[in-house]
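Convention: sequence-line order gives letters A, B, ...; per-chain numbering from 1. Quantities reported herein were computed from a predicted structural model and do not represent experimental measurements.
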Amino acid sequence: MMDSLRWNSWRPLTLSCPIPASTLPEQLDGGQAFRWRLSDNHEWLGVIGRAVVRLRFRETQLEWCSSDSSSAFAKRMGDYFDESGIQVQLIDQLPWRSDVVLSQAIRSYPGLRILRQDPHETLVGFLCSSNKRIQQIRMMVSSLAQNLGEPIAEDYYALPSWSAIASASATQLKSCALGYRAKFLQGTAHKLKDRPDWEKEFSSLPTPQLLETLQTLPGVGPKVAACVALFGFGRWESFPVDTWIVQVLTQAYRLQGYSAKQLEKFGQAHFGAAAGIAQQYLFASARSGQLGVRLGKNEKL
DNA sequence: TGCCAGGGGAAAG
DNA sequence: CTTTCCCATGGC
């Protein structure tokens with residue numbers, strides 16, 4: 001058994017652009033990260049790397065404490081939540097002045113940002129994402145950690161390494177309820193398990209080459225590659241086109257008849273260097289029904 | 001280019 | 001209870 005958790009003291013999460021309580025659920029459980037859950041006492045519990053993190057509001061102040069009291073982790077927290085507020089500068093460069101769909105989406109989720117996750121975490125998460133709801137993706141990722149990951153605290157596990165996934169038994173993977181995604185994870189794990197520096201190598205690539213290289217991995221197509229580039233490698237110009245964004249662009253932007261690739265091109269051209277951030281606002285608004293778009297039967301592109 | 005299989009569970013009928 | 005659908009991809 002592990003020692004029980006020793007939490008460091010609560011401290012304010014001071015962000016240049018704050019995250020209000022109304023935005024926090026979408027921020028932590030809106031489909032870009034799959035490692036956060038809301039506890040019974042209204043705290044958010046998450047795992048960042050090998051640290052367990054708690055988040056809560058005291059009045060309007062967001063506070064955090066974690067199992068890692070090092071200053072290095074405090075810095076990691078700041079990066080993770082974009083404490084410098086650099087994304088706000090990019091949001092201002094988006095065409096919200098002439099785009100009422102976008103401006104309404106941004107107004108609906110003040111403070112929403114792209115979390116700076118580890119590439120490994122995003123690749124594991126989005127390899128599980130096809131044909132799944134966010135809640136189910138979170139469960140699959142959680143099962144992977146519990147069955148194959150190293151314990152980091154009581155009831156908390158780090159995500160498994162590619163090596164651990166590659167050498168997992170069929171029974172172990174079966175118990176993670178991955179379905180056909182199990183072969184995606186194992187296939188990618190086999191290609192990356194002997195490349196401990198893959199994150200660094202991929203990071204050095206320009207975005208088009210990064211997307212291309214990611215798609216050489218089994219289970220990684222255009223959409224998953226775009227998500228990993230956006231959420232894991234901080235490529236904010238990357239514009240993932242998922243089923244919700246298809247609905248937004250075909251309905252609210254009236255781009256019927258466009259292929260997924262054409263919609264991606266449109267997104268990059270229309271939204272520019274912060275296309276991925278725009279995507280996150282549109283995704284959140286569409287999913288909450290605010291744009292009047294519905295998922296309906298998978299509309300042929 | 002288009003079509004469809006492929007876990008399994010939640011949501012819808 | 002039964003059917004449909006799910007932040008897609010790969011293979012034909």
Side-chain angles (χ1 to χ4, degrees), chain A residues 25-37 105 109 112 114-115 117 121-144 147 168-191 211-232 238-252 257-264 267 275-291 293-301:
Chain A
E26 184 65 27
Q27 180 66 73
L28 297 176
D29 195 28
Q32 55 171 309
F34 305 104
R35 292 289 268 164
W36 293 93
R37 67 179 179 86
Y109 294 94
L112 183 67
I114 305 298
L115 299 172
Q117 302 174 71
E121 175 181 349
T122 56
L123 188 46
V124 169
F126 285 95
L127 278 171
C128 297
S129 71
S130 74
N131 261 318
K132 281 295 180 185
R133 289 181 175 80
I134 291 167
Q135 184 183 353
Q136 296 173 285
I137 300 167
R138 194 177 56 225
M139 285 176 57
M140 285 187 281
V141 173
S142 173
S143 296
L144 277 168
N147 287 306
S169 68
T171 310
Q172 283 177 305
L173 283 175
K174 184 84 173 176
S175 63
C176 296
L178 300 165
Y180 64 85
R181 299 158 202 80
K183 65 179 184 295
F184 293 166
L185 274 156
Q186 281 213 302
T188 289
H190 276 290
K191 294 194 81 166
L211 293 171
E212 193 179 334
T213 305
L214 283 168
Q215 287 178 72
T216 65
L217 300 169
V220 181
K223 193 272 178 181
V224 170
C227 284
V228 173
L230 175 61
F231 302 127
S238 177
F239 189 79
V241 176
D242 62 39
T243 171
W244 286 103
I245 293 299
V246 169
Q247 298 307 317
V248 172
L249 295 183
T250 57
Q251 294 176 40
Y258 281 55
S259 70
K261 183 56 68 181
Q262 288 173 315
L263 293 176
E264 185 181 9
I277 304 177
Q279 176 271 164
Q280 201 57 33
Y281 280 97
L282 293 174
F283 177 81
S285 291
R287 215 164 56 89
S288 69
Q290 291 179 46
L291 296 181
V293 299
R294 296 178 183 214
L295 222 40
K297 54 230 165 286
N298 266 349
E299 197 115 354
K300 299 290 171 282
L301 300 181

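For the pair A/Leu211 and A/Val228, the minimum side-chain heavy-atom distance is 4.5 Å or more. Proximity of A/Arg35 to A/Gln117: side-chain heavy atoms (C-beta onward) are nowhere separated by under 4.5 Å. Between A/Leu115 and A/Gln27 the shortest side-chain heavy-atom distance falls below 4.5 Å. With contacts defined as side-chain heavy-atom distances shorter than 4.5 Å, the pair A/Leu173/A/Leu185 does not qualify. At least one side-chain heavy atom of A/Leu178 sits less than 4.5 Å from a side-chain heavy atom of A/Leu144. Taking 4.5 Å as the limit, some side-chain heavy atom of A/Val220 sits within range of a side-chain heavy atom of A/Leu123. By the 4.5 Å heavy-atom criterion applied to side chains, A/Pro218 and A/Lys191 are counted as neighbours. A 4.5 Å side-chain heavy-atom check between A/Asn131 and A/Arg181 finds at least one atom pair inside the cut-off.
With hydrogens and angles ignored, a donor-acceptor pair under 3.5 angstrom links the side chain of A/Lys223 to the base of C/dC7. Between the side chain of A/Lys132 and the base of B/dG9 there is no donor-acceptor pair of N/O atoms closer than 3.5 Å.
Spacing between atom OH of A/Tyr258 and atom C1' of B/dT1 amounts to 20 Å, rounded to whole angstrom units. When rounded to the nearest whole Å, the span between CZ of A/Phe239 and C1' of C/dC7 equals 13 Å. What separates CD1 of A/Ile134 from C1' of B/dG8 is a distance of 18 Å, to the nearest Å. Summarising the geometry, the separation between CD on A/Glu26 and P on C/dC7 is reported as 13 Å, rounded to the nearest angstrom. Taking atom CD of residue A/Gln136 and atom P of nucleotide B/dG9, one finds them 9 Å apart after rounding to whole Å. In this structure, the CG atom of A/Asp242 is 4 Å from the C1' atom of C/dC7, given to the nearest Å. If you take CD of A/Gln247 and C1' of C/dC6, they are 13 Å apart, rounded to a whole angstrom. One can place CG of A/Leu211 at 12 Å from P of C/dT9, the figure rounded to the nearest angstrom.
With both ends at atom P, the span from B/dG9 to C/dT9 equals 23 Å, rounded to whole Å. Distance check on atom P: C/dC1 versus B/dG7 gives 25 Å, rounded to whole Å. Spacing between B/dG13 and C/dC7 at atom P, rounded to whole Å, works out to 16 Å.
At the heavy-atom level, A/Gly219 lies under 4.0 Å from the strands shown only through sugar-phosphate atoms. Among the heavy atoms of the strands lying under 4.0 Å from A/Pro222 are primed sugar atoms or P, OP1, OP2 only; no base atom is included. Counting any heavy atom pair closer than 4.0 Å across all strands shown, A/Gly125 reaches no nucleic acid atom.
Atom CD1 of residue A/Ile137 and atom CE of residue A/Met139 lie 12.0 Å apart, to the nearest 0.5 angstrom. Atom CZ of A/Phe239 is separated from atom CD of A/Glu264 by 8.5 Å, given to the nearest 0.5 angstrom.
Taking for each of A/Gly30 and A/Lys183 the nucleotide of DNA chain C with the nearest heavy atom, the 5'-most of the two is the partner of A/Gly30.
Among C/dG10, C/dC7, C/dC6, the nucleotide with an atom closest to any side-chain atom of A/Asn131 is C/dC6. Candidate nucleotides C/dC7, B/dG7, C/dT9 were compared by shortest atom distance to the side chain of A/Val224, and C/dT9 ranks first.
Base pairing in DNA chain B gives the following stems of 3 or more Watson-Crick or G-U pairs, range against range and under 3.5 Å: B:2-5 with C:9-12, B:8-13 with C:1-6.
Taking the O4'-C1'-N9-C4 or O4'-C1'-N1-C2 dihedral as appropriate, B/dG9 has a value more than 90° from 0 and is therefore anti.
In the displayed structure, A/Lys174 atom NZ is contacted under 6.0 Å by at most 12 heavy atoms of other residues, nucleotides or ligands.
Of the candidates A/Phe283, A/Phe34, A/Phe126, A/Phe126 is the only one forming a ring-ring contact (aromatic ring centres under 6.0 Å, His included) with A/Phe231. Partner of A/Asp29 under the salt bridge (Lys or Arg N to Asp or Glu O under 4.0 Å) criterion, chosen from A/Arg287, A/Arg37, A/Arg138: A/Arg138.
In the region residues 172-181 of chain A, proximity to DNA chain C at under 4.0 angstrom, judged on heavy atoms, holds for A/Tyr180.
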Polar pairs (N or O, both sides) under 3.5 Å between protein and nucleotides 11-13 of chain B?
none

